[in-house]
Amino acid sequence: MNRAEQLCFSLLSSCKSLRSLQQLQAHATKSALDSDQLVAGKLLLHCAVHISGAIDYARRLLLHAPNPDAFMYNALIRGFSDSDTPQNSISTFSLMLKNLGSQIDSFTLAFSLKSAANMRCLQTGTQLHCQALMRGLDTHIFVGTTLISMYAECVCVGSARKVFDEIPNPNIVTWNALLTAFFRRGDVEGAERVFGSMPAKSLASYNLMLGGYVKLGEFGLARDVFDEMPLKDEISWSTMIVGLVQYGCFDEAFLYFRRLHEVGMRPNEVSLTGVLSACAQAGAVEFAKILHGFVEKVGLVWITPVNNALMDTYSKCGSVDMARLVFERMPGKKSIVSWTTLIVGLAMQGYGEEALALFDEMEESGLRPDGVAFVAILYACSHAGLVEKGSEIFETMSKVYGIKPEIEHYGCMVDLYGRAGQLLKAYDFVTQMPIPPNDVIWRTLLGACSFHGNVELAEQVKRSLSELDPSNSSDHVLLSNIYAFAGKWKDAATVRRSMVELKLTKTPGWSMIEVDKIMYTFIAGVKQDDMTMEAYKKLTEIMSKLKVEGGYIPEVDNVLHDVEEEEKEDAVVAHSEKLAVAFGIARLARGSNVRIVKNLRVCKDCHNVMKLISKVYKLEIRLRDRSRFHSFKNGSCSCRDYW
DNA sequence: GTAGGGTTAG
């Protein structure tokens with residue numbers, strides 16, 4: 001390497017943008033370095049893998065290179081393998097095969113195989129495997145390991161094993177790839193056998209075991225590995241935290257996060273996104289604010305997923321304005337996830353028009369909406385009652401953007417019509433869908449029937465639902481409640497009895513409230529502890545005050561006769577959100593806002609009670625239910641009674 | 001002059 005080349009390479013490593021790289025390129029041309037194969041190759045590699053958004057420029061560099069060599073092809077194939085269009089890797093491979101076929105080497109195959117793995121495309125992967133076989137590269141340690149990873153991604157454990165057996169000296173990375181293959185198939189015993197026969201274990205092997213157990217919900221086993229590990233790094237901790245959050249064990253996730261801190265480790269971006277997601281789901285906004293401060297202090301604001309998690313947390317905790325602020329101030333790159341997160345946040349609050357405006361803005365910024373973005377915008381329309389607009393967008397999605405609607409999009413449409421009370425239209429839509437409706441679709445429609453009190457259609461929908469998922473207890477509860485609200489107590493009781501016969505237990509409704517940074521959970525009908533007793537006592541007081549000062553009339557009390565206690569409880573009386581709000585009124589400082597998170601959809605009676613409380617007690621209540629946000633203020637709700 | 005295995009967001 002000569003001095004000019006050396007200088008060029010050291011300058012290259014500091015190029016962070018395409019612009020600075022182009023300046024360096026101009027400089028190289030001036031110094032007659034542009035005909036230097038080494039320089040041209042390095043420039044291309046830097047564009048392809050180190051500068052975000054410069055991959056197309058890298059492609060042009062290759063197409064215009066006077067003598068494209070194997071190194072250049074490999075660089076471009078590598079760049080595409082980590083992009084959002086890994087299929088371009090494969091087309092570059094084909095081009096290389098045509099132009100420079102004899103020079104395909106272990107790098108070419110390893111990078112191309114990575115793309116096949118990312119695409120989970122077994123067909124492409126197998127073709128590349130053939131190419132490797134023809135060149136005797138299938139037993140090459142790097143190619144072989146990547147082949148195993150590819151088969152792992154495609155859940156072909158047998159093929160992964162075969163490749164492994166042919167590799168003469170598998171190293172620890174090869175073993176780890178094989179371990180992944182077994183876990184990918186959910187084969188714990190197979191994975192344990194591999195782990196047991198490994199000649200050496202590194203930290204990554206233990207982390208793989210942890211992740212594998214955690215993903216399969218085997219927390220006891222995961223905890224054993226975690227406690228026995230000779231060394232733990234940030235990935236070990238992150239794996240535990242993320243896994244616990246994914247399984248809804250928020251308290252334990254918070255515990256691990258605290259322990260991580262106590263043993264002197266610093267939370268990294270992954271454990272932070274994990275614990276933020278726990279805050280989002282549990283509604284722990286005060287704790288999230290502390291984490292936000294930490295994120296800013298340690299410079300993690302540059303990490304896009306962290307910002308996205310912050311936005312998601314703030315919007316799911318009812319502070320969509322904070323979410324917007326995070327979005328506007330993000331110093332790093334806004335990904336399509338960033339935009340979609342805020343769109344959903346606005347939609348949950350019923351800000352349909354703002355969500356639509358943001359969607360347009362996203363497109364203007366050059367991002368092309370994907371399938372999930374369309375789910376978000378359709379969700380926005382359905383939660384804001386924008387039926388016409390929603391139908392229009394649904395049409396454009398396939399006709400203009402060429403995105404084939406999937407079951408989630410159809411679900412949004414059913415919700416759109418159903419929420420708006422256009423039940424028959426929703427029903428026709430379901431029966432005319434080009435793909436068979438699943439249980440979620442029918443359940444959405446059943447929810448709409450419940451909200452709009454259509455008993456006949458509900459019965460019909462429930463029959464279809466029972467064919468698909470007969471043992472879902474919440475469907476039975478919903479139908480029973482539909483009967484109860486219509487005063488058909490005998491039918492309600494029949495549904496209840498069938499639940500007993502089918503041995504179905506109902507999903508208990510729970511609500512959480514944060515007081516002094518501690519989350520309290522309330523479950524209707526569970527009265528043994530002091531905290532719940534306190535809530536019940538306060539609730540009784542509140543309800544009588546509402547009757548006198550707010551003119552409260554219970555939704556079904558007047559027709560409740562000759563009914564078993566259980567149906568009454570379920571239909572209205574002491575739903576968990578009422579207990580949580582009562583607890584909040586008893587414990588929170590005057591003037592604090594009440595924030596509640598509920599796992600099911602709020603019922604009409606509770607919604608009514610919340611409105612009255614907000615007026616009589618001059619309180620602002622934010623309630624997140626399974627489906628959306630409700631901000632109660634001065635006797636009315638932000639959802640405009642539309643939910 | 002380029003690689004392979006372990007934890008992140010809608």
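Values reported hereafter were calculated over all heavy atoms of this structure, with side chains retained and with hydrogens, waters and symmetry mates removed. Residue numbers begin at 1 in each chain, while the letters A, B, ... track the order of the sequences.
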Quick check, does Phe142(A) stack with dA3(B)? I mean ring centres under 5.5 Å and planes off by under 30°. yes
Check every atom of dA3(B), dT7(B), dG5(B) against the side chain of Lys215(A) and return the nucleotide holding the closest atom. dT7(B)
The nucleotide from dA9(B), dG4(B), dT2(B) with an atom nearest the side chain of Phe71(A) is dT2(B)
Could you work out which one of dG4(B), dG5(B), dT8(B) sits closest to the side chain of Val242(A)? dT8(B)
Of the listed nucleotides (dT7(B), dG10(B), dG5(B)), which one gets closest to any side-chain atom of Ile336(A)? dG10(B)
What stem regions, each of at least 3 consecutive Watson-Crick or G-U pairs below 3.5 Å, can be found for DNA chain B? none
Here the distance between atom P of dG10(B) and atom CG of Leu276(A), to the nearest Å, is 11 Å
Strictly by modelled atom types, are Asn307(A) and Thr304(A) linked by a side-chain donor-acceptor pair under 3.5 Å? no
Would you classify Ile141(A) as touching base, sugar-phosphate or nothing, given that sugar-phosphate means primed atoms plus P, OP1 and OP2, and contacts are heavy atoms under 4.0 Å? base
Under 4.0 Å between a side-chain nitrogen and a carboxylate oxygen: does that hold for Arg223(A) and Glu252(A)? yes
Ser106(A) near the nucleic acid: base, sugar-phosphate alone, or nothing, with a heavy-atom cut-off under 4.0 Å? base
Remember a base hit wins even if backbone is also touched, and classify Asn307(A) as base, sugar-phosphate or nothing at under 4.0 Å, heavy atoms. nothing
Can you see whether Tyr401(A) engages Glu363(A) through a side-chain donor-acceptor pair at a distance of less than 3.5 angstrom? yes
Under 3.5 Å, is there any donor-acceptor pair linking the side chain of Ser202(A) to the base of dG5(B)? yes
By side chain to side chain contact (heavy atoms under 4.5 Å, CB included), which residues pair with Val225(A), not counting sequence neighbours? Tyr206(A), Met209(A), Leu210(A), Tyr213(A), Met229(A)
Base, sugar-phosphate or nothing for His50(A)? Non-hydrogen atoms, less than 4.0 Å. nothing
What's the closest nucleotide to the Val270(A) side chain, out of dT7(B), dA3(B), dG5(B)? dT7(B)
Against the side chain of Arg78(A), the closest entry in dT8(B), dG5(B), dT2(B) is dT2(B)
Side chain to side chain donor-acceptor pair (under 3.5 Å) with Tyr247(A): which residues, sequence neighbours excluded? none
With His409(A) via ring-ring contact (aromatic ring centres under 6.0 Å, His included) - residues at least two apart: none
Just to be sure I understand the rule, does Ser238(A) reach a base, reach only the sugar-phosphate, or reach nothing, if contact means heavy atoms closer than 4.0 Å? base
Any donor-acceptor pair under 3.5 Å linking the side-chain atoms of Asp312(A) with those of Ser277(A)? no
The side chain of Val337(A) lies closest to which of these nucleotides: dA9(B), dG4(B), dG5(B)? dA9(B)
Which residues pass the ring-ring contact (aromatic ring centres under 6.0 Å, His included) test with Tyr351(A), not counting sequence neighbours? none
If you check every side-chain atom of Ser205(A), which of dG5(B), dG4(B), dA9(B) has the closest atom? dG5(B)
Atom CD of Gln281(A) to atom P of dA9(B): distance rounded to whole Å? 11 Å
For DNA chain B, what residues of residues 347-379 of chain A have any heavy atom nearer than 4.0 Å? Asp370(A), Val372(A), Ala373(A)
Can you list everything that forms a side chain to side chain donor-acceptor pair (under 3.5 Å) with Thr92(A)? Sequence neighbours excluded, please. none
Going by the rule salt bridge (Lys or Arg N to Asp or Glu O under 4.0 Å), which residues pair with Asp415(A) if we only count those two or more places apart in sequence or in a different chain? Arg419(A)
Counting any heavy atom closer than 4.0 Å, what does Thr341(A) reach on the DNA or RNA strands: base, sugar-phosphate only, or nothing? sugar-phosphate
Selection from dG5(B), dG1(B), dA9(B) that lies nearest to any side-chain heavy atom of Ala204(A): dG5(B)
Which part of the nucleic acid does Gly211(A) contact within heavy-atom distance under 4.0 Å: base, sugar-phosphate only, or nothing? nothing
Between C1' of dG10(B) and CE of Met311(A), the distance in whole Å: 9 Å
The criterion is ring-ring contact (aromatic ring centres under 6.0 Å, His included); which residues satisfy it with Phe359(A), sequence neighbours excluded? Phe374(A)
Considering only heavy atoms, which members of residues 174-188 of chain A lie under 4.0 Å from some atom of DNA chain B? Thr174(A), Asn176(A)
ring-ring contact (aromatic ring centres under 6.0 Å, His included) filter on His50(A), not counting sequence neighbours, yields His46(A)
Is the NZ or CZ atom of Lys232(A) positioned over Phe226(A)'s six-membered ring, under 6.0 angstrom from the centre and within 45° of the axis? yes
Hey, does the side chain of Gln246(A) come within less than 4.0 Å of dT7(B)'s phosphate (OP1/OP2), counting only N and O? no
Rounded interatomic separation in angstrom, taking CD1 from Ile235(A) and P from dT8(B): 10 Å
If I take atom CG in residue Leu137(A) and atom P in nucleotide dT2(B), what distance separates them, rounded to the nearest angstrom? 18 Å
Applying a 4.0 Å non-hydrogen cut-off, can you work out what Asp312(A) is touching in the nucleic acid: base, sugar-phosphate, or nothing? sugar-phosphate
Over how many whole Å does the gap from Leu44(A) atom CG to dG1(B) atom P extend? 18 Å
Looking only at side-chain atoms of Phe111(A), point me to the closest of dA3(B), dG1(B), dT8(B). dA3(B)
Please classify the nucleic acid contact of Ser335(A) as base, sugar-phosphate, or nothing, using heavy-atom distances under 4.0 Å. base
N/O donor-acceptor pairs under 3.5 Å from side chains in residues 339-350 of chain A, not counting sequence neighbours:
from	atom 1	to	atom 2	distance (Å)
Thr340(A)	OG1	Ile336(A)	O	2.5
Thr341(A)	OG1	Val337(A)	O	2.6
Gln349(A)	NE2	Gly318(A)	O	3.3

Is there a donor on the side chain of Thr146(A) or the base of dG4(B) sitting less than 3.5 Å from an acceptor on the other? no
Separation of atom CD1 in Ile172(A) from atom P in dA3(B), rounded to whole Å: 21 Å
Whole angstrom value for the distance that separates P of dG5(B) from CG of Leu113(A): 11 Å
